Enquirer: 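Dropping the structure in here first, questions after.
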There are 2 protein chains.
Amino acid sequence: MVVGLREVAERAGVSVRTASNVANDFPHVAPETRRRVQAAIEELKYRPNTAARQLRRGRTEVISLVVPEISSPYFSELAAITVRVAAERGWTVHIDQTDGDADQERRMILGPAGRSVDGVLCSPWAVSPAELVELAAGPVVLLGERETDGVLDHVAIDNVRASREATLHLLARGDRVIGAIGAQPHLQNGTAELRVEGYRQALESAGLPFRTDLVMPVRSLHRPDGAAAVTRLLEVEPRVDAVFCFSDELALGALRTLLEQGRRVPQDVAVVGFDDIEDGRYSTPTLTTIAPDKTQIVRVALDRLAARIAGQTGSGAEAPLDLVVPHRLLIRESTTSVRTRKG
Amino acid sequence: MVVGLREVAERAGVSVRTASNVANDFPHVAPETRRRVQAAIEELKYRPNTAARQLRRGRTEVISLVVPEISSPYFSELAAITVRVAAERGWTVHIDQTDGDADQERRMILGPAGRSVDGVLCSPWAVSPAELVELAAGPVVLLGERETDGVLDHVAIDNVRASREATLHLLARGDRVIGAIGAQPHLQNGTAELRVEGYRQALESAGLPFRTDLVMPVRSLHRPDGAAAVTRLLEVEPRVDAVFCFSDELALGALRTLLEQGRRVPQDVAVVGFDDIEDGRYSTPTLTTIAPDKTQIVRVALDRLAARIAGQTGSGAEAPLDLVVPHRLLIRESTTSVRTRKG
DNA sequence: GCGTACGTTTGCAACGCTGCAAAGCGTGAA
DNA sequence: TTCACGCTTTGCAGCGTTGCAAACGTACGC
């Protein structure tokens, strides 16, 4: 048996409209009436029908988060934060993963966005922002990718600067032959390019050559890719002093492989990652990394999304913003001291 | 401007009903009519209004997944699989996290479940199944917890057996002083108890005493808890041969701490985890662990949920099922060989 | 030529809720 | 006593879609 406001109203001896008023905390309701309706609501276990409410109000209070994959630590941490921060605004989050597939990405931004969510937070991967803007049916904020040429709001850290800082840190240690792992020429989101650029700038500023043969492309950003890439790197250039990986996962894969091949980290080879995922704080050695302020990313993105949603009815669409969020370089064991160890 | 079936119908010169028929692939539509309506749909970029559809049909094609936390690797892997498997059925997934908080858990199972999702997959934590069944407003399937006394469907591995196998593996190595990390006396979901029980059974079968002082309670199942617990364990019993952790995260935290304290793994102390998260495949040393068949867990749970949803209108509610899914013991470096290493 | 049957199209109503605007009611001022 | 005002309650309609059942048209068999 489905309980609607009708049943509640009947039970409390009021009109449906009054029942609705109570359910929505409308101020002008007599205390006694309110009490009676409340009681009816509880006795009948009334739960508002979201679909009807949405149909009427035109809002869902649901946003969707579209990421390449949920299970990768970076995105799962981001998702967790998003759910938490969204809750502060009374939103719930619909999470979707695209598996890095362009078609799925198109479908997700178009599909769920349709009208069942109020807005979309999207980490694009295979589809360019220019195309996304065509598809978007509602407010969309992009997370962490290249400059979008002002077609859509987007929130990210300054990837070039972060990458430059990471590389400069290695140079400051005295490393001269520095490999980079994580170029992704096949992708449209452009993040990897920015990181290569920062790496290049740092080398240049130190008067060192930018060797493209030390920039290893990867298919995805996971441990196995890092493991494979570092193996290739060692073949290309056995005398490598340090490796800068464009994700912590890559770095952890590389770390593992370096140790397997008998290279001590950081004595023989230093390793820097990117993302500051939790694993890197507990690996052996712990991982030096670029830490984007994830909570800030989410907060800024949701602020922006809220503004877009609120402004939807407004007159002129505001110009898209490129929002930059701070990051830090966290120096840990993989580029500094080594712990003492038996054996 | 909102495009509805009305606009499409107008444009194509047909009735709203016919437009709806085309949008829903109703078979009895003349090819020419279909073509015209299709064209209108595309030109106007018509997207069906989910709310209205749901209101009319009574179905959302959305299920919710309620987990203690998204960012922990086990749950994020589970979530990723769920999204993927659910997609095969045409469902999308609404993910919520409770932060292990009892109230939030209650709200989640009650709230989203209300009528906005067709069913709920829930990993309970702080709330007992008995209470959950009271709250549930629709089909609910529980994941991975104690026997539910038949109040709700639930899917899990055989925790007692898995835990016994892990402990027996250590015993077979010759370990005699074996600690256990991960008791959670404050929780209601009972998983930890089952694992303690399996551990106890194994020790007993080997004629060894079950020492409660070697069973370390933890607040949550993350790396820091594992790190702290193993520190306490070493204080209680410095001569420990092996540690069985009730999650891989605990194990990774323990691993790290053991190494820091100068204990080699596995030569000095062996470590076994539970969950088979990806990190354990890339740690140093790699982690021996109990691997639940996660895909199977999700598949079975969704099958069951689908059956519940389908059977909702049926007459007698079917009796709840306890579904057991297979697991394996994956033996890796943390209980066997050590890699050679320089230095 | 007519009735039947089937393929195709349609109008009506309702899913449960809330915006709107007006009606009902009680109180204090004139 | 009457009027105006504000608090409270109400009815109506419609959000966009689809189930239902009837209407329409055409082709076929008798």
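Side chains are part of it too, since the values below use all heavy atoms of this structure and drop only hydrogens, waters and symmetry mates. As the structure is a prediction and not an experimental result, all values here were calculated from the model.
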Enquirer: What contact category does B:R53 fall into here, base, sugar-phosphate, or nothing, at under 4.0 angstrom with non-hydrogen atoms?
Expert: sugar-phosphate
Enquirer: A:T18 versus A:T33: any side-chain heavy-atom pair under 4.5 Å?
Expert: yes
Enquirer: I need the CZ-P distance between A:R47 and C:dC15, as an integer number of Å.
Expert: 21 Å
Enquirer: Grab the CG-P distance between B:L5 and C:dA13 for me, whole Å please.
Expert: 19 Å
Enquirer: Search all heavy atoms of B:Y46 against all heavy atoms of B:V3 and return the closest pair with its distance.
Expert: CD1-O, 3.6 Å
Enquirer: Which comes earlier along DNA chain C counting from the 5' end, the contact point of B:N21 or that of B:L55, where each point is its nearest nucleotide?
Expert: B:N21
Enquirer: For the pair made of CD in B:Q54 and P in D:dT18, what is the distance, rounded to whole Å?
Expert: 12 Å
Enquirer: OP1, OP2 of C:dT8 versus side-chain N and O of B:T18: anything below 4.0 Å?
Expert: no
Enquirer: Could you tell me how far apart B:E7 (CD) and D:dC15 (C1') are, to the nearest whole angstrom?
Expert: 12 Å
Enquirer: To the side chain of A:R56, which of D:dC15, D:dG11, D:dT17 is closest?
Expert: D:dC15
Enquirer: For B:S20 and for A:V14, find the nucleotide of DNA chain D with the closest heavy atom, then tell me which residue's nucleotide is more 5'.
Expert: A:V14
Enquirer: Choose from D:dT18, D:dT9, C:dT18 the nucleotide whose nearest atom is closest to any side-chain atom of B:R57.
Expert: D:dT18
Enquirer: Starting at atom CG of A:N49, determine the distance to atom P of C:dA14, rounded to an integer number of angstrom.
Expert: 17 Å
Enquirer: Has A:R6 got more than 12 heavy atoms of other residues, nucleotides or ligands less than 6.0 Å from its CZ?
Expert: no
Enquirer: Could you tell me the separation between the CZ atom of A:R59 and the P atom of C:dG16, rounded to a whole number of Å?
Expert: 24 Å
Enquirer: Can you identify which nucleotide, out of C:dC15, C:dT18, D:dT17, has its nearest atom closest to the A:R6 side chain?
Expert: C:dC15
Enquirer: Any ion pair linking A:R84 and A:E88 (charged N to carboxylate O, less than 4.0 Å)?
Expert: no
Enquirer: Rounding to a whole Å, what distance do you find between A:R17:CZ and D:dC12:P?
Expert: 14 Å
Enquirer: Return the value, rounded to whole Å, for the distance between atom CG of B:N24 and atom C1' of D:dT17.
Expert: 9 Å
Enquirer: Got a second to check how far B:R304's CZ is from B:L121's CG, nearest 0.5 Å?
Expert: 12.5 Å
